[in-house]
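Remarks on the structure that follows.
Chain letters run A, B, ... following the sequence lines, proteins first and then strands; every chain starts at 1.
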2 protein chains.
Amino acid sequence: MVIERRPLREQIRDELMERLTRGEFAAGTDVNEAVLAAELGVSRTPLREALITLTGEGVLESNQGRGFRFAPVSRKEFRELVAVVAALESLALESSDAAHLRKIAPELLRLAQGFPDPVAEHAVVDRRDDEWHGLLLSGCPNERLLDLLTGVKAGMRREPVARESEEHCEIARRLLEDDLPGAIEALKANWVGGMERMLAHIPQE
Amino acid sequence: MVIERRPLREQIRDELMERLTRGEFAAGTDVNEAVLAAELGVSRTPLREALITLTGEGVLESNQGRGFRFAPVSRKEFRELVAVVAALESLALESSDAAHLRKIAPELLRLAQGFPDPVAEHAVVDRRDDEWHGLLLSGCPNERLLDLLTGVKAGMRREPVARESEEHCEIARRLLEDDLPGAIEALKANWVGGMERMLAHIPQE
DNA sequence: CATCGGCATTTTGTATTCAGAATACTTAGT
DNA sequence: ACTAAGTATTCTGAATACAAAATGCCGATG
């Protein structure tokens, strides 16, 4: 049995992301380091380290003397992030092994058809969607790309995702037919569509 | 006159990147925090914060109990990063304002033609290349994309860049002719070509 | 009643200290 | 002479301490 030993800052980072997806932190609110550290049962030092990594990922922003705050994603930024994610996922799909894609296509279709109702709890929908996209990109050998993707996606995880089961099915079907360009097109359409649906929930600035 | 006040961690980060491009840190060597902090005239705390941000950017890597080390970029990783940068710069160019591109095209051509000899000092070549790509993407409204790009590029800045003046001219010429798809193609070719040339300097793992 | 200035309090940014893990070294035993 | 256990030293990871900046409060003043 291997005892896992990770630096506190990483555990804290994960915990904060977890809480963020559970909606515990409202966008725009600033972090009180002492309070949060006490709540987590750690000192300010590793907490600040975690906050700094999250700042690098765009989840937080920092101002000199004013500490950290949860970065509110404006409509503009949201569009920007979606464009980036769409491009990166396309690249990932493009550089994936064709045989592997063929192999996982049925599973993707099955999962997409079994997607929970859109009105289900956000956390559940999120997890399922993550799972699906994770499987979709599981054949991508570009590890740096995948790392980058998780980071960028973390920066978007503020508003509930609003994905469409049908669009996912479409992607899976294209892959079943060995139509990679078509799948990429469908993937981009999925992001654009998802973006429009999500923007409906983000207030005008 | 505005007095600039930035957190120490950011100044340290920049200073470290500066030193890195000057070739002061060999890849693979690990950081001695106390020594480096003394050298910079700061305490370990903001230094560690800078090291953590650089880890997020892929410049360093950290191992539990063993501290930070300058991440050696393997040939594989280098390829991965180039693919990502090419895709991101393409997206940036794609989403740029066409009129703006037309306007800067002559300047781009002029700069490309005046590129220093490839055998010039690395730091100089680097700065010129940065400048050129900065101007090329100056019309891109997607700020998050640009931020991401600088981060990813930071992770590659280990080996001297080996860019070709002619390829840059080609991109500029396409823009002059209002041929955006052609410019994007040339840009991708530039990255692929640059990659091949750079890989010659990176030892096999 | 609104506004400005000064004081008190809070909170961040940085330095310092402390504990524990990793590495280097020494020495005993074969 | 070589190995290995035990010890000393170094260095990281985390906690605490301190200084300065920011915020809030209150009263004086127009």
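Side-chain atoms of Glu185(A) and Arg174(A), non-hydrogen and from C-beta on, never get closer than 4.5 Å to each other.
Nucleotides of DNA chain D nearest to Val35(B) and Gln64(A) differ in position, and the one nearer the 5' end is that of Val35(B). Nearest-nucleotide positions on DNA chain C for Arg5(A) and Arg9(B) put Arg9(B) closer to the 5' end.
The distance between atom CZ of Arg66(A) and atom P of dT23(D), rounded to the nearest whole Å, is 5 Å. Between the C1' atom of dG13(C) and the CD atom of Gln11(B) lies a distance of 12 Å, rounded to the nearest Å. Between Asn32(B) atom CG and dG13(D) atom P there is a gap of 12 Å when expressed in whole angstrom units. Asp30(B) has its CG atom 13 Å from the C1' atom of dT10(D), to the nearest Å. At whole-Å resolution of the value, CG in Leu51(A) and P in dT12(C) are 10 Å apart. Nucleotide dG13(C) holds its C1' atom 14 Å from the CG atom of Asn63(A), rounded to whole Å. When rounded to the nearest whole Å, the span between CD1 of Ile12(A) and P of dA14(D) equals 8 Å. Rounded to an integer number of Å, the gap from CZ of Phe68(B) to P of dT12(D) is 9 Å.
For Leu8(B), whose side chain is taken as the heavy atoms from C-beta onward, the closest listed nucleotide among dT14(C), dT16(D), dT23(C) is dT14(C). For Glu33(A), counting side-chain heavy atoms from C-beta on, the closest listed nucleotide (dT12(D), dT12(C), dT16(C)) is dT12(C). Checking dG13(D), dA15(D), dT12(C) against every side-chain atom of Val42(A), the shortest atom distance belongs to dA15(D).
Counting any heavy atom pair closer than 4.0 Å across all strands shown, Arg48(A) reaches a base atom. Residue contacts shown for Arg6(B) are absent, as no nucleic acid heavy atom lies under 4.0 Å away.
Not one side-chain nitrogen or oxygen of Thr45(B) sits closer than 4.0 Å to the OP1 or OP2 atom of dT14(C).
The distance from the CG atom of Asn190(A) to the CD1 atom of Ile171(A) is 4.5 Å, given to the nearest 0.5 Å. Asn142(A) CG to Arg79(B) CZ: the interatomic distance, rounded to the nearest 0.5 Å, is 11.5 Å. Here the CG-CG distance, from Leu136(B) to Leu175(B), works out to 6.5 Å after rounding to the nearest 0.5 Å.
Exactly one of Lys188(A), Met195(A), Met198(A) qualifies for a side chain to side chain contact (heavy atoms under 4.5 Å, CB included) with Val82(A). That residue is Met195(A).
Residue side chain Arg44(B) reaches the base of dG13(D) through a donor-acceptor N/O pair under 3.5 Å, judged by distance alone.
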